[in-house]
Protein chains: 2
Amino acid sequence: MKINPADLNQVDVLKDAPLEDLNLIVEKSILRSIEEDSFYFFQGDPAKYAYILVTGRVKLVQSNPAGQQVNLRTIKQWEMFAALGAIRSDATYPVAAQALEPSSALAIESKVLQEMMQTRPYLNMGLMQLMTGYIQEMQNRYRELATEKVERRLALTILRLASQVGIKSQGQIELPLSQQDIAEASGSTIYTVSRTLSEWEKRGLIETGRGRIVMRNPHGLVEIAEGIESA
Amino acid sequence: MKINPADLNQVDVLKDAPLEDLNLIVEKSILRSIEEDSFYFFQGDPAKYAYILVTGRVKLVQSNPAGQQVNLRTIKQWEMFAALGAIRSDATYPVAAQALEPSSALAIESKVLQEMMQTRPYLNMGLMQLMTGYIQEMQNRYRELATEKVERRLALTILRLASQVGIKSQGQIELPLSQQDIAEASGSTIYTVSRTLSEWEKRGLIETGRGRIVMRNPHGLVEIAEGIESA
DNA sequence: TTTCTTCTTTGCTTAAGCGCAAATAAAGGG
DNA sequence: CCCTTTATTTGCGCTTAAGCAAAGAAGAAA
């Protein structure tokens with residue numbers, strides 16, 4: 001596949017980048033295509049590349065010593081991920097990046113990005129915006145996990161995922177994620193997720209299918225998320 | 001009180017700053033002194049200032065709609081906090097900053113910091129290092145909260161707090177924090193914290209007092225944190 | 001179509017830890 | 001030194017949701 005450099009303006013971090021820089025990035029990077037369930041990198045690998053997702057979807061997961069996983073973020077097209085290495089030159093990836101479907105991503109050497117940052121203020125600003133957004137999201141999720149009950153957390157998780165990787169089809173938003181993914185993203189278990197989603201389906205809030213959740217009544221979910229439980 | 005600009009080199013973000021910049025910062029900022037339990041700012045306030053803590057200790061807390069709190073970070077002398085506003089110009093503070101003891105901090109207008117960032121690469125790098133550190137810490141804490149049991153999380157929390165705000169005295173590390181603070185930092189309750197700390201005290205791992213925890217056997221805590229439980 | 005695999009559902013049991021209530025202890029103020 | 005306030009401890013009951021086991025459903029492969 002060929003990348004059209006102009007497309008890179010869709011990447012938030014690069015929205016103010018001049019075309020010549022986009023050309024430079026495409027020229028200096030390589031396109032890595034991987035199949036479903038494969039990894040771009042593992043937790044602990046030296047952070048040699050930053051990535052821009054070109055096609056597919058990728059999740060960033062972290063495992064504890066016992067092997068239990070949490071989903072920290074789901075990446076969609078034209079999102080940059082693993083930019084950490086560009087900032088901490090000695091760093092290893094603190095997460096693993098696993099493809100949710102066949103995917104391809106531009107791999108940019110951390111070194112290249114670092115050099116570009118020396119002389120391009122827009123790149124610094126873009127990366128900082130990205131990072132502050134991450135920090136705020138993680139702080140919110142941490143607070144939710146510490147203080148909210150599962151049902152509410154699930155509603156918050158699904159709303160968040162919908163805004164990040166939801167797909168609009170026929171006026172409805174669809175999440176192409178398995179219940180396992182939802183469980184790992186909300187800090188719960190597949191059993192509780194299944195039970196809760198079934199309950200919501202009965203109430204007409206959502207529609208579930210294998211590896212798929214359709215939001216029928218987003219407002220109802222917002223009410224659950226905010227604790228305006230009608231039940 | 002008078003600030004000696006040269007002291008600001010102890011601030012991580014400013015460790016590479018030339019003295020003239022430190023002078024500029026002191027000149028352009030104001031020193032705010034507040035008493036115990038007061039706030040530098042509340043969650044939701046417009047993020048007009050970034051701060052450098054000069055004396056005392058400050059905690060960053062976030063509340064959920066019901067008023068339950070979580071501690072996101074404890075700040076000690078010469079740490080910068082609330083630097084977010086300097087990056088997102090329209091931002092409001094996503095957390096509140098409350099003094100754990102009488103404190104004073106340099107308040108730097110976000111605008112000033114923003115202007116300085118235009119022409120000072122060291123400042124950009126410093127802030128990015130700070131933010132990547134935050135991100136990694138929050139990701140780890142999130143995973144811990146999602147996957148680990150309370151006792152282990154408590155050990156991890158105490159070890160983390162010890163490295164961040166621990167005070168060395170007579171070869172031992174002391175944490176000047178109440179059990180309430182520990183509970184809010186670990187995502188637990190004062191009851192469970194009390195029970196667990198009592199148990200650890202019996203085992204000789206720590207020594208507790210009102211608003212104070214002394215680590216007697218840090219290695220033992222590490223073992224609990226890593227799941228090498230001897231019990 | 002038939003078979004296999006993977007995902008989802010559901011009944012049941014159980015452990016963890018929350019949280020009330022009340023007692024006890026420590027610090028601070030006058 | 002006494003009194004008030006605030007922090008810590010502990011017994012006890014109870015809820016939540018985790019987790020096993022086993023069945024059912026939906027795709028994928030053959």
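Any value given below was found using the heavy atoms of this structure, including those in side chains, with hydrogens, waters and symmetry copies removed.
The cationic group of R141(A) lies under 6.0 Å from the six-membered ring centre of Y142(B) and within 45° of the ring axis, placing it in a cation-pi geometry.
In this structure, R73(A) pairs ionically with E137(A), as a charged nitrogen and a carboxylate oxygen lie closer than 4.0 Å. The pair K59(B)-E79(B) does not meet the salt-bridge criterion, since no charged nitrogen lies less than 4.0 angstrom from a carboxylate oxygen. Ion pair R195(B)/E151(B) not flagged as a salt bridge, since none of the NZ, NE, NH1 or NH2 atoms sits closer than 4.0 Å to an Asp/Glu carboxylate oxygen.
Distance E148(A) CD to dC18(C) C1': 15 Å, rounded to the nearest Å. Taking atom CD1 of residue I206(A) and atom C1' of nucleotide dT9(C), one finds them 14 Å apart after rounding to whole Å. With rounding to whole Å, I182(A) atom CD1 is found 18 Å from dA18(D) atom C1'. Rounded to whole Å, the distance from CD on E207(B) to C1' on dA25(C) is 16 Å. Taking atom NZ of residue K202(B) and atom P of nucleotide dT9(D), one finds them 10 Å apart after rounding to whole Å. Put simply, CD on E201(A) is 7 Å from P on dT9(C), counting in whole angstrom units. To the nearest angstrom, C1' of dT15(D) lies 15 Å from CD of E151(A). dG13(D) atom P lies 17 Å from atom OH of Y191(B), rounded to whole Å.
Aromatic ring centres of Y51(A) and F81(A): separated by under 6.0 Å.
Within the structure, every side-chain polar atom (N or O) of T189(B) is placed at least 4.0 Å from both OP1 and OP2 of dG19(C). A close approach under 4.0 Å does occur between a side-chain nitrogen or oxygen of T192(A) and OP1 or OP2 of dA18(D).
Using bins of under 30°, 30° to 60° and over 60° for the plane-to-plane angle, the ring pair Y93(A)/F41(A) lands in the parallel bin.
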With B for base contact, S for sugar-phosphate-only contact and - for none (protein heavy atoms under 4.0 Å), nucleotides 2-8 of chain C reads ----BSS
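For R152(B) against dG17(C), no side-chain N or O and base N or O form a donor-acceptor pair under 3.5 Å.
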